[in-house]
Visitor: 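Take a look at the following structure, please.
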Amino acid sequence: MLCGARHGGCAAQHLTTTGHHVDDMTDTFLRLTPLEVALSAPVGAGAEVVRPRPLGSARAALERAVLPAVRSGRCHVLFSGGRDSSLVLAVATAVARRESLPLPVPVTAVYPGLPESDESGWQELVLRHLGLGRGIVVEVRDERGLLGEVSVASLERRGLVWPAAVQSQPVLLGDLPEGAHVLTGEGGDGVVAGSRGTPLHLLASSRRRPSRDLVRAAIEAIEPSWLAVRRLRRGGSLDGAAPWLTPRALDVLVRETVAARGPLRWDAAKRALLERRSTVLALHNTAAGAAERGLTLVHPLGDAGFVAALAADGGARGFRGRTDTFRRLASDLLPDAVLARTTKARFNTSRWGDRERDFALSWDGSGVDPSLVDAGRLRREWLGTPLPAARFLVHVAWLASAPRATRAGA
């Protein structure tokens, strides 16, 4: 699906961005540039992406995307209970029944003691509606911690990899049989969602007096990039998004935020998503991590054929937002309560605890670029309830602060 990226592609790369060696002469992961390390995320576009012609409807394309995994007879679905994973599980189940193949096995993580991550009610609703059993349930406490034993062992072997969750994948995938095909809902947040032009569509089709927020969003949608950059700089609206970044890094973040708005046309915006480095690295690296364990990880919502078909279905104006898109894709497969839900569980708190805060207290500030990251502010962020971007930087700092013997192994 994705051929690579112009900045840090699939070629052999003997050093990570922090200077640590990886143990394989051919690096299967796509790496961040030093600037991206400071920003905790890939920047820009330019990936070489196969753009297939749309064949049929988006629903038909999604069924084709899951079919190889279903036909393998060892199809599993990482199922949280959210809309994205519920959609993938529902489509895979429908395809399996139509083809008289084994039903997919849901793989669900539960987090005792973290009420904000409890999706049990939604999970039961979806599984009961689809006529599926509970499948594989993985109980997670602190095993997915950013500096837990699993992540540290992975850091020592792989070096720095984005996204950080790749390092703790064995917690969720460890019980799956070698050779299994695993479907995920990755990519759904961007693909099965509104776009920059959606507020304009909603404004034009609204029969009621529009809200101020909708009018403001529509105005910002047609705002030229140079004006959007100026507005974000003057308003300082991104300062709170990453208070540990220096003005130089914040300037890059502002420009990236504006560029990531994508084209105004809905169909063009969907196709452009696959060219973003953030999309390329997220889909590629999670699949590469699973492949090390003999698993085939597939992201149907990031499949180029599905994206092309969805873009064609929506056309220039697109749909009326995320719920409208879900209804068009799966109104016959899932209860409308699932398709239209507005809540979302949070799992990040399971990755940050006492080990990570203890490291923050002992950290000497090494590993980060002082021209881009203020180490003192970053430490203060870590000692509170850190934002996701700050959490990724703990891997950067740990690799720089690890004992020399550990770094030699990495």
Visitor: Apply side-chain contact (heavy atoms from CB on, under 4.5 Å) to Arg276 and Thr279, showing your working.
Guide: CA-CA 5 Å; Arg276 303 295 304 176; Thr279 305; 3.9 Å; yes
Visitor: Between Ser211 and Asp213, do the side chains contain a donor N or O and an acceptor N or O under 3.5 Å apart?
Guide: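 No, because no side-chain N or O of Asp213 sits under 3.5 Å from a partner of the opposite role on Ser211.
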Visitor: Hey, is Arg74 close enough to Glu178 for a salt bridge, meaning N to O under 4.0 Å?
Guide: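 Judged by the 4.0 Å cut-off on N to carboxylate O distance, Arg74 and Glu178 do not form a salt bridge.
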Visitor: Using a strict 4.0 Å threshold on nitrogen-to-oxygen distance, state whether Arg391 and Glu356 make a salt bridge.
Guide: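 Here Arg391 does not pair with Glu356 in a salt bridge, since their nearest N and O are not under 4.0 Å apart.
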Visitor: Ser151 side chain to Leu147 main-chain N or O, any donor-acceptor pair under 3.5 Å?
Guide: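 Not a single qualifying donor-acceptor pair exists.
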Visitor: For Lys270 and Ala309, indicate whether the former's side chain and the latter's backbone hold a donor-acceptor pair under 3.5 Å.
Guide: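 Not at all, since once roles are kept as given, no pair shorter than 3.5 Å links the two residues.
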Visitor: Checking Glu143 side chain against Arg141 main chain: does a donor-acceptor pair fall under 3.5 Å?
Guide: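 Checking the backbone N and O of Arg141 against the side chain of Glu143, a donor-acceptor pair under 3.5 Å is found.
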Visitor: Does Asp336 reach the side chain of Phe326, with side-chain heavy atoms less than 4.5 Å apart?
Guide: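 Answer no - side chains too far apart.
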Visitor: Between Glu139 and Ala109, is there a donor-acceptor pair closer than 3.5 Å when you use the side chain of the first and the backbone of the second?
Guide: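 Such a contact is absent between Glu139 side chain and Ala109 backbone.
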Visitor: What closest approach, in Å, do Arg271 and Ala311 show between heavy atoms, and which atom pair accounts for it?
Guide: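 Heavy atoms of Arg271 and Ala311 come nearest at NH1-CB, 3.9 Å.
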Visitor: Roughly how far, to the nearest 0.5 Å, is CG of Leu183 from NE2 of His181?
Guide: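 Answer for the NE2-CG pair, His181 versus Leu183, is 9.5 Å.
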Visitor: Does a side-chain N-to-carboxylate-O contact under 4.0 Å join Arg327 and Asp332?
Guide: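 No, this pair does not count.
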Visitor: Would you say the ring centers of Trp363 and Trp398 fall short of 6.0 Å from each other?
Guide: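 Judged by ring-centre distance (under 6.0 Å), Trp363 and Trp398 do not meet the cut-off.
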Visitor: CG/Leu101 to CG/Leu67 distance, rounded to the nearest 0.5 angstrom?
Guide: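 One gets 7.5 Å once the value is rounded to the nearest 0.5 Å.
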Visitor: Could you tell me whether the side chain of Arg293 and the main chain of Gln169 form a donor-acceptor pair under 3.5 Å?
Guide: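 Looks like no, no N/O pair under 3.5 Å.
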Visitor: Could you pull out the closest heavy-atom pair between Ala92 and Val70, with the gap in Å?
Guide: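 Smallest heavy-atom distance, with atoms named: O-CG2, 3.9 Å.
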Visitor: Should Asp374 and Arg380 be marked as a salt bridge (Lys or Arg N to Asp or Glu O under 4.0 Å) after you check the CA-CA gap, both sets of side-chain angles, and the distance that decides it?
Guide: CA-CA 10 Å; Asp374 184 313; Arg380 287 195 292 272; 5.3 Å; no
Visitor: Would you call Arg196 and Glu220 a salt bridge, taking side-chain N to carboxylate O under 4.0 Å as the test?
Guide: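 Between Glu220 and Arg196 there is no salt bridge, as every charged N stays at least 4.0 Å from the carboxylate O atoms.
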Visitor: Determine whether a donor-acceptor pair (N or O, by modelled atom type, separation under 3.5 Å) exists between the side chain of Asp313 and the backbone of Ala58.
Guide: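 Answer holds: yes.
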Visitor: Closer than 3.5 angstrom, by distance alone: can the side chain of Glu99 be matched with the main-chain N or O of Ala96 as a donor-acceptor pair?
Guide: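 No, because the side chain of Glu99 does not come within donor-acceptor range (under 3.5 Å) of the backbone of Ala96.
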Visitor: Minimum heavy-atom separation for Leu245 to Ala38, with atom names?
Guide: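 Leu245 and Ala38 have their closest heavy atoms at CD2-O, 3.6 Å.
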Visitor: Using every non-hydrogen atom in the two residues, find where Ala316 and Asp267 come nearest and quote the distance to one decimal.
Guide: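 Where Ala316 meets Asp267 most closely, the heavy atoms are N-OD2, 3.8 Å.
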Visitor: I would like to know whether Glu256 and Arg261 meet salt bridge (Lys or Arg N to Asp or Glu O under 4.0 Å); could you show each step before the answer?
Guide: CA-CA 9 Å; Glu256 171 65 8; Arg261 298 184 307 168; over 6 Å; no
Visitor: To the nearest 0.5 Å, what is the distance between CG (Leu301) and OG1 (Thr184)?
Guide: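 Here the interatomic distance stands at 7.0 Å.
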Visitor: Between the side chains of Arg322 and Asp84, is the shortest nitrogen-to-carboxylate-oxygen separation below 4.0 Å, so that they form an ion pair?
Guide: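 Between Arg322 and Asp84 there is a salt bridge, with a charged N closer than 4.0 Å to a carboxylate O.
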Visitor: Just wondering, do Ile136 and Pro106 contact through their side chains at under 4.5 Å, heavy atoms?
Guide: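 No, too far: nothing below the 4.5 Å cut-off.
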Visitor: For the residue pair Pro224 and Leu227, establish whether any side-chain heavy-atom pair is separated by less than 4.5 Å.
Guide: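 When only atoms from C-beta onward are counted, Leu227 and Pro224 do touch, with a gap below 4.5 Å.
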Visitor: For the pair Asn285 (side chain) and Trp162 (backbone), establish whether a donor and an acceptor sit closer than 3.5 Å, ignoring hydrogens and angles.
Guide: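 Indeed, once roles are kept as given, a pair shorter than 3.5 Å links the two residues.
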Visitor: Can you tell me if Arg320 and Thr198 form a side-chain donor-acceptor pair at under 3.5 Å?
Guide: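 Thr198 and Arg320 do not have a side-chain donor-acceptor pair below 3.5 Å.
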Visitor: Quick one: are Leu333 and Val91 in side-chain contact, heavy atoms under 4.5 Å?
Guide: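 Contact flag for Leu333/Val91 side chains = yes.
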Visitor: Should the pair Arg64-Asp303 be classified as a salt bridge under the 4.0 Å nitrogen-to-oxygen rule?
Guide: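 Between Asp303 and Arg64 there is no salt bridge, as every charged N stays at least 4.0 Å from the carboxylate O atoms.
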Visitor: With a cut-off of under 6.0 Å to the ring centre and 45° to the axis, is Arg341 in cation-pi contact with Trp122?
Guide: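 Yes, Arg341 lies over the aromatic ring of Trp122.
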Visitor: Start with the C-alpha gap between Trp382 and Leu361, add the side-chain angles, then the distance that decides, and say whether side-chain contact (heavy atoms from CB on, under 4.5 Å) holds.
Guide: CA-CA 9 Å; Trp382 284 345; Leu361 288 171; over 6 Å; no
Visitor: Could you report the tightest heavy-atom contact between His395 and Leu155, atom names first, then the distance?
Guide: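 In terms of heavy atoms, the two residues are closest at CD2-CD1, 3.5 Å.
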Visitor: More than 12 heavy atoms of other residues, nucleotides or ligands under 6.0 Å from CZ of Arg379: yes or no?
Guide: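 Yes, the 6.0 Å shell around CZ holds more than 12 heavy atoms from other groups.
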Visitor: What distance do Phe29 atom CZ and His284 atom NE2 have between them, rounded to the nearest 0.5 Å?
Guide: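 With rounding to 0.5 Å, CZ (Phe29) is 7.5 Å from NE2 (His284).
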Visitor: Indicate yes or no for a side-chain donor-acceptor contact from Glu36 to the backbone of Val43 under 3.5 Å, with no hydrogens or angles considered.
Guide: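 Between the backbone of Val43 and the side chain of Glu36 there is a qualifying donor-acceptor contact (under 3.5 Å).
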Visitor: Report yes if the side chains of Pro300 and Phe306 come closer than 4.5 Å at any heavy-atom pair, otherwise no.
Guide: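 Side-chain contact under 4.5 Å: no.
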Visitor: In terms of heavy-atom contacts, does CG of Asp175 have more than 12 from other residues, nucleotides or ligands at under 6.0 Å?
Guide: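 Atom CG in Asp175 is not packed in, count stays at 12 or less.
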Visitor: Are any non-hydrogen side-chain atoms of Leu146 and Phe392 less than 4.5 angstrom apart?
Guide: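 Sidechains of Phe392 and Leu146: no contact.
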Visitor: May I have the step-by-step check of salt bridge (Lys or Arg N to Asp or Glu O under 4.0 Å) for Asp142 and Arg355, ending in yes or no?
Guide: CA-CA 10 Å; Asp142 62 353; Arg355 279 178 299 213; 3.5 Å; yes
Visitor: With rounding to the nearest 0.5 angstrom, report the OG to CG distance, Ser154 to Leu160.
Guide: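 Those atoms lie 10.5 Å apart.
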Visitor: Determine whether Phe79 and Val88 make a side-chain contact, defined as any pair of heavy atoms from C-beta on separated by less than 4.5 Å.
Guide: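 Sidechains of Val88 and Phe79: no contact.
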Visitor: With no hydrogens and no angle check, do the side chains of Thr323 and Arg83 hold a donor and an acceptor under 3.5 Å apart?
Guide: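 Yes, Arg83 and Thr323 have a side-chain donor paired with an acceptor closer than 3.5 Å.
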Visitor: Within this structure, what is the OG1-CD distance for the pair Thr108 and Glu119, rounded to the nearest 0.5 Å?
Guide: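 Separation between the atoms: 10.5 Å.
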Visitor: Would you sort out whether Arg157 and Glu292 count as a salt bridge (Lys or Arg N to Asp or Glu O under 4.0 Å), showing the intermediate values?
Guide: CA-CA 12 Å; Arg157 184 168 54 86; Glu292 290 184 344; 3.2 Å; yes
Visitor: Look only at the side chain of Arg59 and the backbone of Leu329, and say whether a donor-acceptor pair between them is shorter than 3.5 Å.
Guide: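 Yes; at least one donor-acceptor contact below 3.5 Å.
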Visitor: For Leu132 versus Pro104, what's the shortest heavy-atom pair and its separation?
Guide: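 Between these two residues, the closest heavy atoms are CD2-O, 4.3 Å.
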Visitor: Can you confirm whether Leu273 sits close enough to Val191 that some side-chain heavy atom of one is under 4.5 Å from a side-chain heavy atom of the other?
Guide: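 SC-SC contact between Leu273 and Val191 confirmed.
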Visitor: Would Thr286 and Leu297 count as a side-chain contact (heavy atoms from CB on, under 4.5 Å) if you check the C-alpha gap in whole Å, the side-chain angles of each, and the deciding distance to 0.1 Å?
Guide: CA-CA 8 Å; Thr286 49; Leu297 199 68; 3.9 Å; yes
Visitor: For Phe319, what residues pass the ring pair (Phe, Tyr, Trp, His ring centres under 6.0 Å) criterion, not counting sequence neighbours?
Guide: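 Phe319 satisfies ring pair (Phe, Tyr, Trp, His ring centres under 6.0 Å) with Trp266 once adjacent residues are dropped.
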Visitor: May I have the step-by-step check of side-chain contact (heavy atoms from CB on, under 4.5 Å) for Thr93 and His129, ending in yes or no?
Guide: CA-CA 11 Å; Thr93 301; His129 187 84; over 6 Å; no
